[in-house]
Amino acid sequence: SPKLMSHIPQHALTFNAYTSSDETHYMHTGTSDELENYMKYTALRLGYVCGGVSESEFNREREVVRNELRVRTETNIGNRMFEVMEEMLFPPGHPRNRTGIGTHETLSSITMDDVRAFASAHYVPAKTTIVISGDFDRTQAADMLQAAFPPALVTAEGKQMAAGKRIELIAPKARVN
């Protein structure tokens, strides 16, 4: 959301994101005293599902993606060769048999409802890995995660996290316990 995106720079030293064929990666770099804000922003982003995105914003972002398509594949022979290789290696119907960014035809046909349905299915806490590194208090960080991602929000395989379970920070992973 524009409002969320206007708040992040006030609390992060850097913020960036990218999407590959296997992941969407959001990065916040900042100081440990802002850790709670980073977690809140991550939870908000996962629960947002494009609510409040206007049709004009959606169309503008579609054109951004269309320009990325032009730059990545239509004007870059190396990237186009990689796409052809994946089409040859993976059978029709396999997710890697098609480009992640789509085509001009698929970009033209996608609707806001399509985007919301995709985000609701894939941009969820159960499919999220959060990595925290640096100088921070592990107990406080676990409490912040618990507050930012309450049990009603944290699901596994479409089911609500069981009552009494907690998010814990452990080395080298975090887990629901």
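Counting only heavy atoms from C-beta outward, the side chains of Val53 and Met112 approach each other to under 4.5 Å. Using a 4.5 Å heavy-atom threshold, the side chains of Leu35 and Gln140 count as separate. Here the side chains of Tyr41 and His28 are in contact, with some heavy-atom distance below 4.5 Å.
With sequence neighbours left out, Glu68 forms a salt bridge (Lys or Arg N to Asp or Glu O under 4.0 Å) with Arg72. With sequence neighbours excluded, the residues that form a side chain to side chain donor-acceptor pair (under 3.5 Å) with Arg80 are Glu83. Applying the side chain to side chain donor-acceptor pair (under 3.5 Å) criterion to Asn16, with sequence neighbours excluded, gives no partner residue. Ser54 meets the side-chain contact (heavy atoms from CB on, under 4.5 Å) test with Ser56, Glu57; sequence neighbours excluded. Asp114 meets the side chain to side chain donor-acceptor pair (under 3.5 Å) test with Thr111; sequence neighbours excluded. Scored by the side-chain contact (heavy atoms from CB on, under 4.5 Å) test, Thr24 finds Thr19, Tyr26, Tyr123 as partners (sequence neighbours excluded). The salt bridge (Lys or Arg N to Asp or Glu O under 4.0 Å) check on Glu63 picks up Arg66, with sequence neighbours excluded. Here Asp135 pairs with nothing under the salt bridge (Lys or Arg N to Asp or Glu O under 4.0 Å) rule; sequence neighbours left out. Partners of Glu55 according to the side chain to side chain donor-acceptor pair (under 3.5 Å) rule, which considers only residues two or more places apart in sequence or in another chain, do not exist here.
Using modelled atom types, one finds a donor on one side chain and an acceptor on the other under 3.5 Å when comparing Asn37 with Glu34. Inspection of the His11 and Glu36 side chains reveals no N or O donor paired with an N or O acceptor under 3.5 Å.
Counting Ile, Leu, Val, Met, Phe, Trp and Tyr side chains that sit under 4.5 Å apart, directly or through other members, Leu69 shares a hydrophobic cluster with Val65, Ile101, Leu107. Here Met88 is tied into one hydrophobic group with Val84, each link being a pair of ILVMFWY side chains closer than 4.5 Å.
Of all the heavy atoms in Ile132 and Leu145, the pair that sits closest is CD1-CD1, 4.4 Å. Closest approach of Ala43 and Ala148 over heavy atoms only: CB-O, 3.1 Å.
Note that the NE2 atom of His25 and the OH atom of Tyr18 stand 5.0 Å from one another [nearest 0.5 Å]. Atom CD1 of Ile8 sits about 7.5 Å away from atom OG1 of Thr42, to the nearest 0.5 Å. Between atom OH of residue Tyr38 and atom NZ of residue Lys40 there is a gap of 13.0 Å, rounded to the nearest 0.5 Å. Put simply, CE on Met39 and CG on Asp143 are 9.5 Å apart, with the number rounded to the nearest 0.5 Å. Arg96 CZ to Leu89 CG: the interatomic distance, rounded to the nearest 0.5 Å, is 10.0 Å.
Within 6.0 Å of atom CE in Met81, 12 or fewer heavy atoms from other residues, nucleotides or ligands are found, so the atom counts as exposed in its surroundings.
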Go through it in stages, so that I can follow the logic: the residues are Phe136 and Arg138, the test is side-chain contact (heavy atoms from CB on, under 4.5 Å), and I'd like the CA-CA distance, side-chain angles, deciding distance and then a yes or no. CA-CA 6 Å; Phe136 63 94; Arg138 290 169 54 99; 4.1 Å; yes
Passes side-chain contact (heavy atoms from CB on, under 4.5 Å), Thr29 versus Phe15? Steps please. CA-CA 6 Å; Thr29 303; Phe15 170 77; over 6 Å; no
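With hydrogens and angles disregarded, a donor-acceptor distance shorter than 3.5 Å links the side chain of Arg62 to the backbone of Ile110. A donor-acceptor pair under 3.5 Å links the side-chain atoms of Ser120 to the main chain of Arg116, judged by distance alone.
Every pair passing ring-ring contact (aromatic ring centres under 6.0 Å, His included) that includes a residue from residues 69-91 is listed here, sequence neighbours excluded: Phe90-His94.
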